[in-house]
Amino acid sequence: MKNYTLLLASVTLLLTMACKPDPKVDVYEGLEHQTYSESDETFPNPERGFYTPVSYKSASARPLSISGIETQRVAKKTLFYTAYYPKDYMEGDISEEFLNLMRQNMQTLREGGAKCILRFAYSDSESEKPWDPKPEIVQRHIQNIKPVLQEYGDVILCFQAGFVGVWGEWYYTDNFVSNPKTPEQHALRKQVTDAMLDALPADRQIALRTPMFARMMYADSYADTLTVETAHNGTPRSRISAFNDCFGASANDTGTFGGQETRDFWKADTKFVFMGGETCGLSAFCNCPNTLKDMEDYHWTYLNSQYNLDVISRWRQQGCMPEIERRLGYRFSLTDVYHDKEAVAGQDFRVVLKLKNSGFSAPINPRAVELVLVDGNGKKTVYEQKDADPRYWFAGETVTIDRFVKIPADATGECTLYLNLPDPKVTLRDNPRFSIRLANDGVWEEETGYNKVVTFSL
């Protein structure tokens with residue numbers, strides 16, 4: 001029996017050793033290798049970062065301007081929070097003039113290279129009554145704006161679930177159940193959110209103010225969190241994201257959280273959906289160590305640049321503001337590139353890219369991936385990488401793109417291979433301001449939106 005046991009152990013050890021890869025085997029043997037380091041530069045990138053808030057309370061309000069977008073871009077910002085207050089229409093439909101203001105703003109965002117976080121409300125003061133209209137009017141208003149949302153969904157980062165209560169924050173309300181506790185008490189609010197989901201293009205998300213709202217309306221329990229298998233599949237559950245407008249203000253962020261299970265719920269979900277918002281007051285919870293840890297845990301993508309200024313000043317004083325500016329949302333950089341030593345026209349060329357995400361989050365909206373070859377005559381060949389999805393290039397992880405690209409038979413001269421991460425929307429795809437810049441020195445081409453990977457001669 002003893003010998004049998006020893007024999008079995010020996011066979012098990014041999015099988016285990018056989019299943020393990022030989023540590024001496026180099027899967028990139030024979031390839032040229034170049035290493036990269038991440039820069040500490042802060043620069044504008046689409047769909048992430050600090051935002052600039054603007055509000056519109058009448059159809060005659062001054063619209064966004066290209067020069068205003070350009071000014072914010074110089075300040076490294078590509079996002080605007082656009083709050084609309086159709087309070088003049090609480091008895092009927094939103095006027096065409098007000099809708100045209102929305103269209104004009106959206107068109108300016110498209111032309112200027114920026115996007116918006118969108119919210120609707122009817123009051124911006126607790127003393128300003130009524131706080132919201134009857135539910136049937138809200139439904140009409142969502143239908144009124146639906147054509148605009150469908151036409152300009154390309155420049156909407158996400159749609160915060162407003163319409164209810166002061167500032168659209170779902171707290172003070174005249175016509176919806178105050179302080180709801182059960183799914184039944186959330187019914188009117190869910191009707192609003194369902195209508196918003198229907199009005200918005202299917203690849204865009206609705207943000208809810210607390211995890212409790214998401215749980216009561218769209219999750220079976222706080223354990224019912226999104227996973228790799230259920231994220232980004234187009235269901236209502238996969239399109240419910242988060243915003244916190246009292247980030248770091250207290251132990252529960254002024255009622256944002258209702259206990260550890262609500263925190264764990266958002267920590268899990270925000271790996272796949274947006275987290276953004278603003279701060280609202282000083283506390284021990286907004287000191288730099290706590291702030292950075294929370295931004296990592298909750299995968300923060302966007303934040304108000306103008307509120308609360310006391311909190312932002314503290315981050316500057318304590319020294320973490322530059323890191324926050326760099327890491328909000330995604331931050332991709334090359335770490336290594338491997339490629340064939342020789343390139344021959346008409347033949348395959350192997351290239352391997354390793355990309356690190358040092359941001360707080362992955363990109364949340366769809367994003368295209370292309371390898372682009374430009375030869376010595378300027379001829380461009382685009383290789384779409386349809387099986388690559390940056391929404392799964394998670395924070396703190398490194399991904400590998402290992403490809404063979406076929407060099408055109410008529411290619412000649414010095415060739416450059418680029419990585420392009422453009423917006424997939426046809427209205428934006430060729431605009432370099434909507435392409436992602438890598439955080440490496442010397443790789444970005446501003447005029448094309450391409451990131452240089454390797455140069456070789458044929």
Side-chain angles (χ1 to χ4, degrees), residues 51-59 61 80-92 94 98 101-102 116-142 144-145 158-181 185-193 195-196 199 206-214 216-217 240-250 252-258 275-283 302-311:
Y51 68 72
T52 301
V54 288
S55 297
Y56 302 93
K57 295 184 177 181
S58 73
F80 286 78
Y81 168 90
T82 54
Y84 291 93
Y85 290 85
K87 58 184 179 180
D88 292 339
Y89 315 104
M90 295 176 74
E91 301 294 331
I94 297 175
F98 196 90
L101 172 65
M102 280 188 67
C116 67
I117 299 111
L118 185 63
R119 195 196 295 181
F120 275 73
Y122 300 92
S123 170
D124 63 355
S125 171
E126 298 168 32
S127 61
E128 181 185 353
K129 285 268 201 170
W131 289 330
D132 43 37
K134 294 179 179 180
E136 56 268 28
I137 296 296
V138 170
Q139 291 291 327
R140 286 174 64 176
H141 287 178
I142 294 172
N144 292 157
I145 66 174
C158 64
F159 194 0
Q160 293 183 349
F163 294 102
V164 177
V166 183
W167 302 290
E169 286 194 343
W170 282 32
Y171 188 67
Y172 302 100
T173 177
D174 294 310
N175 293 288
F176 297 79
V177 178
S178 296
N179 197 25
K181 299 293 185 183
Q185 292 172 341
H186 283 79
L188 288 176
R189 297 168 188 248
K190 187 173 187 298
Q191 289 175 14
V192 171
T193 314
M196 293 174 68
I206 304 296
L208 297 181
R209 177 62 184 84
T210 71
M212 290 79 85
F213 290 139
M216 287 296 165
M217 296 191 297
I240 297 299
S241 62
F243 73 101
N244 181 351
D245 275 358
C246 258
F247 175 53
S250 69
N252 66 1
D253 285 356
T254 317
T256 298
F257 297 104
M275 169 58 85
E278 65 186 16
T279 62
C280 70
L282 291 173
S283 79
Y302 64 88
L303 194 64
N304 192 348
S305 65
Q306 297 183 18
Y307 193 80
N308 180 288
L309 294 179
D310 289 337
V311 177

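The heavy-atom pair separating Pro86 from Ala121 by the smallest distance is CD-O, 3.2 Å. In this structure, Ala161 and Met196 approach most closely via the heavy-atom pair CA-CE, 3.5 Å. The nearest pair of heavy atoms linking Phe213 to Pro180 is CE2-CG, 4.3 Å. Among all heavy-atom pairs drawn from Asn252 and Gly255, the shortest one is OD1-N, 3.1 Å. Scanning both residues, Ser58 and Asp88, for their nearest heavy atoms gives CB-OD2, 4.4 Å. Residues Gly248 and Asp253 approach most closely at N-OD1, 3.0 Å, considering heavy atoms.
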Between Asp124 and Lys57, is a side-chain contact (heavy atoms from CB on, under 4.5 Å) present by the stated rule, with each step listed? CA-CA 10 Å; Asp124 63 355; Lys57 295 184 177 181; 2.4 Å; yes
Evaluation steps, side-chain contact (heavy atoms from CB on, under 4.5 Å), between Tyr81 and Gln160: CA-CA 10 Å; Tyr81 168 90; Gln160 293 183 349; 3.6 Å; yes
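Glu169 CD to Ser123 OG: the interatomic distance, rounded to the nearest 0.5 Å, is 11.5 Å. Taken to the nearest 0.5 Å, the CG atom of Asn144 stands 10.5 Å off from the CE atom of Met102. To the nearest 0.5 angstrom, Phe247 atom CZ is 11.0 Å from Cys280 atom SG. Atoms CD1 and CG, from Ile94 and Leu101 in turn, are 11.0 Å apart once rounded to the nearest 0.5 Å. Put simply, CG on Leu118 and SG on Cys158 are 8.5 Å apart, with the number rounded to the nearest 0.5 Å. For the atom pair CZ of Phe80 and OG1 of Thr52, the computed distance is 5.0 Å after rounding to the nearest 0.5 Å.
Although no hydrogens or angles enter the test, the distance criterion places no donor-acceptor pair under 3.5 Å between the side chain of Thr173 and the main chain of Val164. For the pair Arg189 (side chain) and Val177 (backbone), a donor-acceptor distance under 3.5 Å is present. Asn175 contributes a side-chain N or O that, together with a main-chain N or O of Asp132, makes up a donor-acceptor pair within less than 3.5 Å. Between the side chain of Gln139 and the backbone N or O of Gln191 there is at least one donor-acceptor pair closer than 3.5 Å. Proximity of a side-chain donor or acceptor of Thr256 to a complementary backbone N or O of Thr210 within less than 3.5 Å is not detected.
Take Phe120 and apply the ring-ring contact (aromatic ring centres under 6.0 Å, His included) test, not counting sequence neighbours, and it matches Tyr84, Phe163. The side-chain contact (heavy atoms from CB on, under 4.5 Å) search around Asn308 returns Thr279, Asp310, Val311, not counting sequence neighbours. Applying the ring-ring contact (aromatic ring centres under 6.0 Å, His included) test to Tyr89 and every residue at least two apart in sequence or in another chain returns Phe98. Take Trp131 and apply the ring-ring contact (aromatic ring centres under 6.0 Å, His included) test, not counting sequence neighbours, and it matches Tyr172. Scored by the salt bridge (charged side-chain N to carboxylate O under 4.0 Å, His left out) test, Asp245 finds Arg119 as partners (sequence neighbours excluded). For Phe243, the ring-ring contact (aromatic ring centres under 6.0 Å, His included) criterion is met by no residue, not counting sequence neighbours.
The environment of Glu136 atom CD is dense: over 12 non-hydrogen atoms of other residues, nucleotides or ligands sit within 6.0 angstrom. Around the NZ atom of Lys129, the shell of radius 6.0 Å holds more than 12 heavy atoms that belong to other residues, nucleotides or ligands.
Using a 4.5 Å heavy-atom cutoff, the side chains of Val138 and Tyr122 are in contact. Looking at Trp167 and Glu126, their side chains come closer than 4.5 Å, going by heavy atoms from C-beta outward. Using a 4.5 Å heavy-atom cutoff, the side chains of Met217 and Leu208 are in contact.
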